[in-house]
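Remarks on the structure that follows.
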Amino acid sequence: MITPISDAAPVKTSPRIPVYLSAADALAEQIADQPVGTRLPSEDELARTLGVSRLTARAVLTELERRYLVRRRQGSGTFVSRRIDYTISRHIPPSWSASVRKAGFAPDVRTTGWRLETPPTEVRDRMKVGARRQLLALSRNRYIDHELVGYADTYLDPQLVPDLPQILDPAGSLHDTLATHYKLEPERGWFGVAIDPAPPHVAEHLELSGRPPVISIRSRTDAAARNHHPVELTISWLRADVFRVEVDFDTT
């Protein structure tokens, strides 16, 4: 339970700002320094301490959930959450695991399948391969603290990564394997980012309720050791309530 809330003064209102927004702003300030996972008071308790109705207290929690500041678990309550800053830059290795570790969290990647297939048109265009060319496809789930937070499909040029299914550890870093085992000097060659409603198969895979926004990242890694030839393209989906993506477009 958050101690400061029980001592809070009633929310100061403004005729130009809805009561629930004023109360949400006040509560957001109070939970800003609380540890992740701290349980908030119930709707009835919030209504009393904030000096609002229960319906307004419910709207407050809904607003904070919309801002990704709290996470509501049916039957358990409402808890403080924090999003992980995930920076995409030409100066940062194209490694999801490295980015998560840099943010202070422990990533976990688990391989769910390998296959050799003719990739979609988008992948062929970005990988610069012909219509009949087959690529090695890899599917992986991504976890933080044992919680599923994203998954990805990766397409690789099999000529550049022979025997990769036998070499890559199921929980290992693909970037590190490309760098250390294959000596490809991987670098980010292209990327695109979008926030869209989760497609049905994405929502089902990530065990999301409804079709909330997800972060879609398409990222290609090139092999500097092979004249910057494309080596892999990854299409990943990340939970927007867990990650905050920042694109660092420094051209210097």
Side-chain angles (χ1 to χ4, degrees), residues 36-37 68 71 73-74 79 81-88 92-117 119-120 122-123 126-127 135-158 161 163-182 186 188 191-221 231-245:
V36 175
Y68 301 125
R71 185 176 302 174
R73 301 173 188 165
Q74 188 171 4
F79 303 84
S81 64
R82 292 285 187 276
R83 285 195 293 170
I84 298 171
D85 285 337
Y86 180 31
T87 301
I88 298 174
I92 297 176
S95 167
W96 179 81
S97 297
S99 297
V100 171
R101 281 193 294 268
K102 185 176 180 180
F105 294 85
D108 184 17
V109 180
R110 303 176 194 174
T111 299
T112 60
W114 293 92
R115 59 199 181 276
L116 192 64
E117 66 179 35
E122 174 192 8
V123 175
R126 291 294 179 187
M127 289 290 287
L135 296 178
L136 181 64
L138 162 67
S139 296
R140 310 186 95 186
N141 285 347
R142 293 169 170 175
Y143 300 83
I144 294 177
D145 295 335
H146 307 292
E147 182 178 15
L148 181 63
V149 297
Y151 82 100
D153 288 322
T154 297
Y155 298 87
L156 302 108
D157 184 340
V161 289
D163 302 320
L164 180 62
Q166 290 75 43
I167 293 169
L168 179 65
D169 185 278
S173 167
L174 176 60
H175 174 269
D176 291 348
T177 302
L178 297 178
T180 59
H181 183 84
Y182 292 101
R188 194 184 301 278
F191 65 84
V193 181
I195 299 179
D196 294 306
H201 73 285
V202 173
E204 180 180 1
H205 191 96
L206 294 180
E207 303 173 358
L208 301 175
S209 176
R211 295 184 58 190
V214 292
I215 301 169
S216 172
I217 300 178
R218 287 155 167 79
S219 177
R220 191 186 73 212
T221 300
V231 61
E232 66 91 6
L233 178 77
T234 295
I235 303 175
S236 60
W237 293 269
L238 302 176
R239 282 175 38 185
D241 62 328
V242 175
F243 292 94
R244 174 184 173 273
V245 172

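Worth saying up front: this structure is predicted, and the values here are computed from it rather than measured.
Side-chain contact check for N141 and H205: at least one donor-acceptor pair (N or O, by modelled atom type) lies under 3.5 Å. Looking only at atom types and distance, the side chain of R115 has a donor-acceptor partner in the side chain of S139 under 3.5 Å away. If you check the side chains of T221 and R188, you find no donor sitting under 3.5 Å from an acceptor.
Taken from OH in Y143 to CG in D108, the straight-line distance is 7.5 Å, to the nearest 0.5 Å. With rounding to the nearest 0.5 angstrom, the CZ atom of F243 is 13.0 Å from the CD1 atom of I195. Summarising the geometry, atom CH2 belonging to W114 is positioned 8.5 Å from atom OG1 belonging to T154; distances are rounded to the nearest 0.5 Å. Taking OG from S219 and CZ from R126, the interatomic distance works out to 11.0 Å, rounded to the nearest 0.5 Å. Distance CG/D153 to CH2/W237: 5.0 Å, rounded to 0.5 Å. With values rounded to the nearest 0.5 angstrom, K102 atom NZ is found 14.5 Å from I84 atom CD1.
Between T177 and L168, the shortest heavy-atom contact is OG1-CD1, 3.3 Å. R140 and G172 make their closest contact through NH2-O, 2.8 Å (heavy atoms, listed as atom of the first residue, atom of the second, distance). Nearest heavy atoms, S97 versus P107: O-CG, 3.5 Å. When all heavy atoms of A198 and R211 are compared, the pair lying nearest together is O-NE, 2.6 Å. Closest of all the heavy-atom pairs between V214 and P199 is CG2-CD, 4.5 Å. Heavy-atom minimum distance, P213 versus A240: O-CB, 3.4 Å.
With contacts defined as side-chain heavy-atom distances shorter than 4.5 Å, the pair D163/Q166 qualifies. Side-chain contact between E232 and L178 is present, with heavy atoms from C-beta onward closer than 4.5 Å. Side-chain contact check for L238 versus W96: some heavy-atom pair is nearer than 4.5 Å. Inter-residue side-chain proximity for I235 and V123 is flagged as met; some heavy-atom pair is nearer than 4.5 Å. Taking the side chain as every heavy atom from C-beta outward, R142 and R110 never approach each other to under 4.5 Å. Under the 4.5 Å side-chain criterion, counting only non-hydrogen atoms from C-beta, Y68 is not in contact with V242. Side-chain contact between D241 and R83 is absent, with no heavy-atom pair separated by less than 4.5 Å. The side-chain heavy atoms of I88 and I217, taken from C-beta on, include a pair separated by under 4.5 Å.
In H146, the NE2 atom is not crowded: 12 or fewer heavy atoms of neighbouring residues, nucleotides or ligands sit closer than 6.0 Å. Surrounding CG of D145 are at most 12 heavy atoms belonging to other residues, nucleotides or ligands under 6.0 Å away.
Cation-pi geometry between R73 and F79 is met: under 6.0 angstrom from the ring centre, within 45 degrees of the axis.
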